[in-house]
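These notes concern the structure reproduced below.
Being a predicted model, the structure only gives us computed values, none of them experimental.
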Amino acid sequence: MTRVIFSLWESAAEIASWGGLACLAASASYGLSYVYMGRYLTGRGISPLVLSESQLGAATVLLALAMPFAGLDAPEWRWDAVGSLLVLGALGTGIAYVLNYRIIQDEGPTAASVVTYLLPIVAVILGWAVLNEAVTVAILAGVVLVLGGVILSKRTGRDRRSQEVAE
């Protein structure tokens with residue numbers, strides 16, 4: 001299983017590669033973020049829209065503060081770039097965050113986190129269908145692992161909800 005997960009990096013035999021550690025840190029961050037959002041943010045009477053606006057607003061301020069120190073050049077303000085940023089930010093990220101908080105409120109953090117597991121599968125399908133990318137045995141094994149994890153998490157979530165209702 002680790003060979004499938006870490007096969008993208010040259011040091012696929014070493015779990016402790018920089019790529020492997022970055023993948024592990026990102027996965028842990030996703031897991032912690034959903035638990036944090038479920039425990040401390042949702043269920044307090046704050047709408048998903050306000051939670052999303054607050055999170056994206058804070059990220060914007062932090063990015064603006066870090067930009068001068070990160071060695072980044074000032075952006076070139078072209079109307080097409082600004083328009084694209086507004087559309088992608090508002091429609092893509094903004095609506096996705098509102099829906100994400102809503103799913104966390106209604107179904108819980110476990111159900112909401114399942115969405116992130118499906119994104120690589122969609123990327124593989126689109127890469128194959130649109131860009132004619134090859135689908136290898138390792139990729140198919142990864143898809144099976146992801147779908148198996150989704151099925152297990154949904155089953156576990158259903159079992160927990162059944163126990164809570166029974167109590």
Determine whether Thr93 and Leu56 satisfy the following criterion, side-chain contact (heavy atoms from CB on, under 4.5 Å), listing intermediate values before the conclusion.
CA-CA 9 Å; Thr93 305; Leu56 294 173; 3.7 Å; yes
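- The hydrophobic clustering, which links ILVMFWY residues whose side-chain heavy atoms are closer than 4.5 Å, places Leu147 and Val114 together.
- Scanning both residues, Val98 and Pro48, for their nearest heavy atoms gives O-CB, 3.5 Å.
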Between Ile46 and Tyr101, is the side-chain contact (heavy atoms from CB on, under 4.5 Å) condition met? List the steps.
CA-CA 10 Å; Ile46 304 170; Tyr101 276 113; over 6 Å; no
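- Within the model, atoms OH of Tyr34 and OG1 of Thr116 stand 5.0 Å from one another, a figure rounded to the nearest 0.5 Å.
- Residues Tyr30 and Tyr36 are members of one and the same hydrophobic cluster, defined by side-chain heavy-atom contacts under 4.5 angstrom among Ile, Leu, Val, Met, Phe, Trp and Tyr.
- Put simply, OG1 on Thr110 and CD1 on Ile104 are 10.0 Å apart, with the number rounded to the nearest 0.5 Å.
- Between Leu41 and Gln55 the shortest side-chain heavy-atom distance does not fall below 4.5 Å.
- Of all heavy-atom pairs between Gly38 and Pro109, the closest is CA-CG, 3.9 Å.
- No single ILVMFWY cluster, assembled from side-chain heavy atoms under 4.5 Å apart, contains both Val130 and Val135.
- Atoms CG and OG, on Leu99 and Ser52 in that order, are 8.5 Å from each other to the nearest 0.5 Å.
- Atom CD in Glu107 sits 12.0 Å away from atom OG in Ser113 (nearest 0.5 Å).
- The OG1 atom of Thr42 lies 12.0 Å from the CD1 atom of Ile103; values are rounded to the nearest 0.5 Å.
- Just one residue in the list Ile125, Val124, Leu119 forms a side chain to side chain contact (heavy atoms under 4.5 Å, CB included) with Ile121, and that residue is Ile125.
- Ile139 has its side chain out of reach of Trp128: every pair of non-hydrogen atoms, C-beta onward, lies at least 4.5 Å apart.
- For the 3.5 Å distance criterion, the side chains of Tyr97 and Glu53 fail to qualify, holding no donor opposite an acceptor.
- Expressed to the nearest 0.5 Å, how far OG of Ser27 lies from CG of Leu32 amounts to 11.0 Å.
- Nearest heavy-atom pair across Arg39 and Arg44 is O-NH2, 4.0 Å.
- By the criterion of side-chain heavy atoms lying less than 4.5 angstrom apart, applied directly or through intervening Ile, Leu, Val, Met, Phe, Trp or Tyr residues, Leu63 is not grouped with Val82; the two fall into different hydrophobic clusters.
- Hydrophobic clustering of Ile, Leu, Val, Met, Phe, Trp and Tyr side chains at less than 4.5 Å, counting indirect connections, unites Tyr40 with Leu51.
- Side-chain contact between Val150 and Leu118 is present, with heavy atoms from C-beta onward closer than 4.5 Å.
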